Amino acid sequence: MTVRVRFAPSPTGYLHVGAARTALYNYLFAHANDGTFILRSDDTDRARSTEAFQEDIVEHLTWLGLEWDEGYNKGGSHGSFRQSDRYERYRDVAGELIESGSAYYSFATPSQLDAFKKAAREAGTSPAYDGSLEPADSEVAGRIASGESAVVRFKVPRPGETRFVDSVRDDMVFDHKQVDDFIILRSDGTPTYHLASTVDDVDYRITHVIRGEDLLSSTPKHILLTRAMGAEPATYGHLSLLMGPDGKKLSKRQGDTAIGAYREAGFLAGAINNYLALLGWSLGDDVEVASIDEMVARFDMKDVSKNPAVFDAQKLEWLNGVYIRAMSDDEFVACTLSSVQDVLGRTLTEAERLQFVEMAPLVRERTKLLPEVADQVCFLFTNVVQYDEKSWSKVMVGPEAPAALDAAISVLSGLDPWTTESIEAALRGMLEVTGLNARRGLQPIRVAVSGSMVSPPLFESLAVLGNAKTLTRLKTARSLL
RNA sequence: GCCCCCAUCGUCCAGAGGCCUAGGACUCCGCCCUUUCAAGGCGGCAACGGGGAUUCGAAUUCCCCUGGGGGCACCA
């Protein structure tokens with residue numbers, strides 16, 4: 001039996017980190033078992049589903065590298081992977097279920113149902129609707145024929161219970177007292193999630209359903225439906241939910257949850273995948289950093305954690321730094337060049353691009369988030385240095401600043417060749433002569449040239465900047481003292 | 001209210017009866033390296049929620065409590 005799993009988001013919101021994690025685990029499980037990873041669109045909620053959300057999901061899943069083998073936009077052997085295209089199929093199944101006695105037309109009104117639940121609550125019993133408000137079978141045909149509005153409900157066997165082995169939580173038992181005769185077809189004839197999702201899982205031969213814990217208590221419904229369709233239920237595995245720093249369910253209130261927002265903030269797909277894998281799973285052997293392939297090699301549902309995990313943005317940032325440092329010069333330049341140009345407001349010349357490439361290894365070492373790169377290198381490409389107020393007041397007001405700048409100007413004028421080594425030698429000689437320690441003697445130069453007391457390494461920066469610009473900046477700063 | 005899931009440092013994860021004086025990672029704090037900032041190295045702070053039971057022995061098994069999470073829609 002070949003493994004077939006699916007990620008089936010509803011396009012009612014952007015792809016968020018929790019959903020991405022579910023997608024990742026499905027992907028890992030599929031690849032670890034030589035299976036097929038399918039993307040489906042569970043868009044039965046016509047009111048809230050939008051094309052924009054659907055595109056966001058597809059775009060970011062692709063960006064994360066979680067390619068699906070079959071499904072949305074890719075086709076496959078089982079027809080459309082968009083539920084809104086398959087209403088007819090769901091209606092047919094509902095009809096068959098009514099035919100076989102597994103489902104029935106329900107006329108209970110909302111107010112009747114409310115009363116039912118209220119009574120149950122007061123009696124301290126389960127509020128799950130058991131079909132007790134329905135008319136006698138003999139009445140049904142007539143009422144339907146007369147055009148009375150009705151939904152179709154699944155008839156849960158009572159008494160009874162559903163047992164299954166959850167691949168992350170082991171033995172699970174649900175008493176049918178807790179399972180309501182759920183609606184499978186709305187009064188307008190459209191299917192609900194339970195019906196559509198289950199029919200699709202059966203039709204597309206899904207062998208393993210890996211999804212969020214929020215669906216755990218709906219699983220008996222899906223299993224009952226599957227059996228009523230004459231099929232064998234898949235193996236279900238429920239992932240614990242992600243929570244925010246306050247221990248509450250992760251929401252926009254606590255910061256960004258959309259993958260797109262993380263991408264824009266400068267996170268790398270690899271880092272996000274890696275972090276999401278760490279959240280609720282252990283690769284063992286104290287391994288923290290691993291590629292998708294390594295994860296696939298180690299993945300086992302049995303090692304997936306049962307407890308809810310708090311999303312820790314700080315650890316994600318650390319990991320992002322790890323991934324940035326692991327990039328090659330070319331990769332690094334390729335994925336940061338545009339943001340540098342955006343900040344600059346213009347395109348870099350070829351010469352400037354080379355300067356950027358030269359600085360890349362130095363800058364990469366101190367970058368956690370991609371946009372930080374621009375802050376670090378922009379001083380190279382501007383004509384007027386923007387002095388950071390705090391840096392200026394801390395470094396340039398001391399009595400040593402003028403002396404340091406004067407000495408630097410004299411020692412750097414006419415320096416040839418102009419290289420990191422020669423600059424370092426000259427400046428170290430300058431420190432010797434002036435008697436200034438490195439901090440006092442060099443920081444003024446850093447501020448004069450970069451505008452800030454925090455910058456990439458000084459000698460290298462000056463080498464890349466070139467002697468003309470360096471001297472101009474030193475003189476300009478000197479004149480301001 | 002009813003049902004379900006979960007429970008080790010602040011956070012994520014190791015730990016499947018003696019190897020635990022509870023390990024790793026992030027964060028934080030020192031020190032080293034050092035021209036700033038990083039990175040790196042070294043070190044430190046920090047946890048088995050509580051109570052019973054089983055056992056020679058429990059973080060590991062069982063029960064209760066507590067706490068957190070989820071579900072109980074013509075949402076998914």
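Side chains included, hydrogens not; waters and symmetry mates left out as well; all remaining heavy atoms used. None of these values were measured; they are calculated from a predicted model. In the text below, chain A, chain B and the rest are named by the order of the sequence lines, each starting its count at 1.
Residue contacts for A:L458: at a heavy-atom cut-off of 4.0 Å it reaches a base atom on one of the strands shown. At a threshold of 4.0 angstrom between heavy atoms, the contacts of A:F174 are confined to the sugar-phosphate backbone, with no base atom among them. Residue A:Q443 is classed as a sugar-phosphate contact, given heavy-atom separations below 4.0 Å to backbone atoms only. Among the heavy atoms of the strands lying under 4.0 Å from A:R446 is at least one base atom, whether or not backbone atoms are also near. Backbone-only contact: A:R325 has heavy atoms under 4.0 Å from sugar-phosphate atoms and none from a base. Using a 4.0 Å heavy-atom cutoff across all strands shown, A:H238 reaches no nucleic acid atom at all. Within 4.0 Å of A:G441, counting heavy atoms only, lies no atom of the nucleic acid at all. The residue A:V151 sits close to a base: some heavy atom pair falls under 4.0 Å. At a threshold of 4.0 angstrom between heavy atoms, the contacts of A:S10 are confined to the sugar-phosphate backbone, with no base atom among them. When heavy atoms are screened at a 4.0 angstrom cut-off, A:P457 is found touching base atoms of the nucleic acid.
Taking only side-chain nitrogens and oxygens, A:N307 comes nearer than 4.0 Å to OP1 or OP2 of B:U8. One finds a side-chain N or O of A:T44 lying less than 4.0 angstrom from the OP1 or OP2 phosphate oxygen of B:A76. Distances shorter than 4.0 Å separate some side-chain N or O of A:S305 from OP1 or OP2 on B:C13. In this structure, A:R428 reaches the B:U35 phosphate: one of its side-chain N or O atoms is under 4.0 Å from OP1 or OP2. Phosphate proximity of B:U34 to A:R439: absent, as no side-chain N or O sits under 4.0 Å from OP1 or OP2. Between B:A73 and A:K117, a contact under 4.0 Å exists linking OP1 or OP2 to a side-chain N or O. Within the 4.0 Å cut-off from OP1 or OP2 of B:A76, at least one side-chain nitrogen or oxygen of A:R186 is found.
Residue whose closest nucleotide on RNA chain B sits further toward the 5' end, between A:S126 and A:E288: A:S126. If you find the closest nucleotide of RNA chain B to A:Q314 and to A:F459, the one lying nearer the 5' end belongs to A:Q314.
Across the protein-nucleic acid pair, A:K302 atom NZ and B:A14 atom P stand 15 Å apart, rounded to whole Å. Here B:C26 presents its C1' atom at 15 Å from OH of A:Y323, a figure rounded to the nearest Å. Rounded to a whole Å, the CZ atom of A:R366 is 18 Å from the P atom of B:C33. Atom CG in A:L427 sits about 12 Å away from atom P in B:U35, given to the nearest Å. One interatomic measurement links the two molecules: CG of A:D312 to C1' of B:C28, which rounds to 13 Å at whole-angstrom precision. Atom CD1 in A:I57 sits about 12 Å away from atom C1' in B:A76, given to the nearest Å. Atom OH of A:Y236 is separated from atom C1' of B:C5 by 18 Å (rounded to the nearest Å). At whole-Å resolution of the value, NZ in A:K315 and C1' in B:G24 are 8 Å apart.
Taking the six-membered ring where the residue is Trp, the centroids of A:F154 and A:F182 are separated by under 6.0 Å. For A:Y236 and A:F174, the ring centers are positioned 6.0 Å apart or more. For an aromatic pair to be called close, the ring centres must be under 6.0 Å apart, and A:Y323 with A:F267 fails this.
Of all nucleotides present, only B:U66 satisfies the Watson-Crick or G-U wobble test against B:A7, with each distance under 3.5 Å. Summarising the base pairing, B:G1 is matched to B:C72 through a Watson-Crick or G-U wobble pair whose two defining distances lie under 3.5 Å. Both distances falling under 3.5 Å, in either a Watson-Crick or a G-U wobble arrangement, occur for no nucleotide opposite B:A16. Shown here, B:C33 forms no base pair; nothing in the strands shown gives a Watson-Crick or G-U wobble contact with both key distances under 3.5 Å.
With respect to A:K315 and A:E288, a salt bridge is recorded, a charged nitrogen being found less than 4.0 Å from a carboxylate O. Classification of A:E51 and A:R82 as a salt-bridged pair holds, one side-chain N sitting under 4.0 Å from a carboxylate O. Taking 4.0 Å as the cut-off between side-chain N and carboxylate O, A:R89 and A:D200 do not count as a salt-bridged pair. Ion pairing of A:D303 with A:R298 is absent here, as no side-chain N (NZ or NE/NH1/NH2) approaches a carboxylate O to less than 4.0 Å.
A donor-acceptor contact shorter than 3.5 Å links the side chain of A:D166 to the backbone of A:H238.
For A:L442, counting side-chain heavy atoms from C-beta on, the closest listed nucleotide (B:G1, B:U35, B:C75) is B:U35. Nearest to the side-chain atoms of A:T192 among the listed nucleotides B:A25, B:U36, B:A76 stands B:A76. Picking from B:C74, B:A76, B:G1 the nucleotide with the shortest atom distance to the side chain of A:R153 gives B:C74. Between B:U27, B:C74, B:U35, one nucleotide has an atom nearer to the side chain of A:S187 than all others, and that is B:C74. For A:I183, the listed nucleotide lying nearest its side chain is B:A73; candidates were B:U36, B:C12, B:A73. In the set B:U27, B:C6, B:G24, the nucleotide with an atom closest to the side chain of A:K368 is B:U27.
No side-chain donor-acceptor contact under 3.5 Å links A:S455 and A:S452.
Residue side chain A:R169 does not reach the base of B:C5 through any donor-acceptor N/O pair under 3.5 Å, judged by distance alone. If you check distances only, the side chain of A:E122 never reaches the base of B:G1 with a donor-acceptor pair under 3.5 Å.
Nucleotides B:C12 and B:G1 place their P atoms 28 Å apart, quoted to the nearest Å.
The cationic group of A:R6 does not satisfy the cation-pi geometry with A:Y204, failing either the under 6.0 Å distance to the six-membered ring centre or the 45° limit from the ring axis.
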Protein-nucleic acid N or O pairs under 3.5 Å, nucleotides 63-70 of chain B:
| residue | atom | partner | partner atom | Å |
| --- | --- | --- | --- | --- |
| B:G69 | OP1 | A:K248 | NZ | 2.9 |

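Between A:F299 and A:F29, the ring-plane angle classifies as perpendicular under the 30° and 60° cut-offs.
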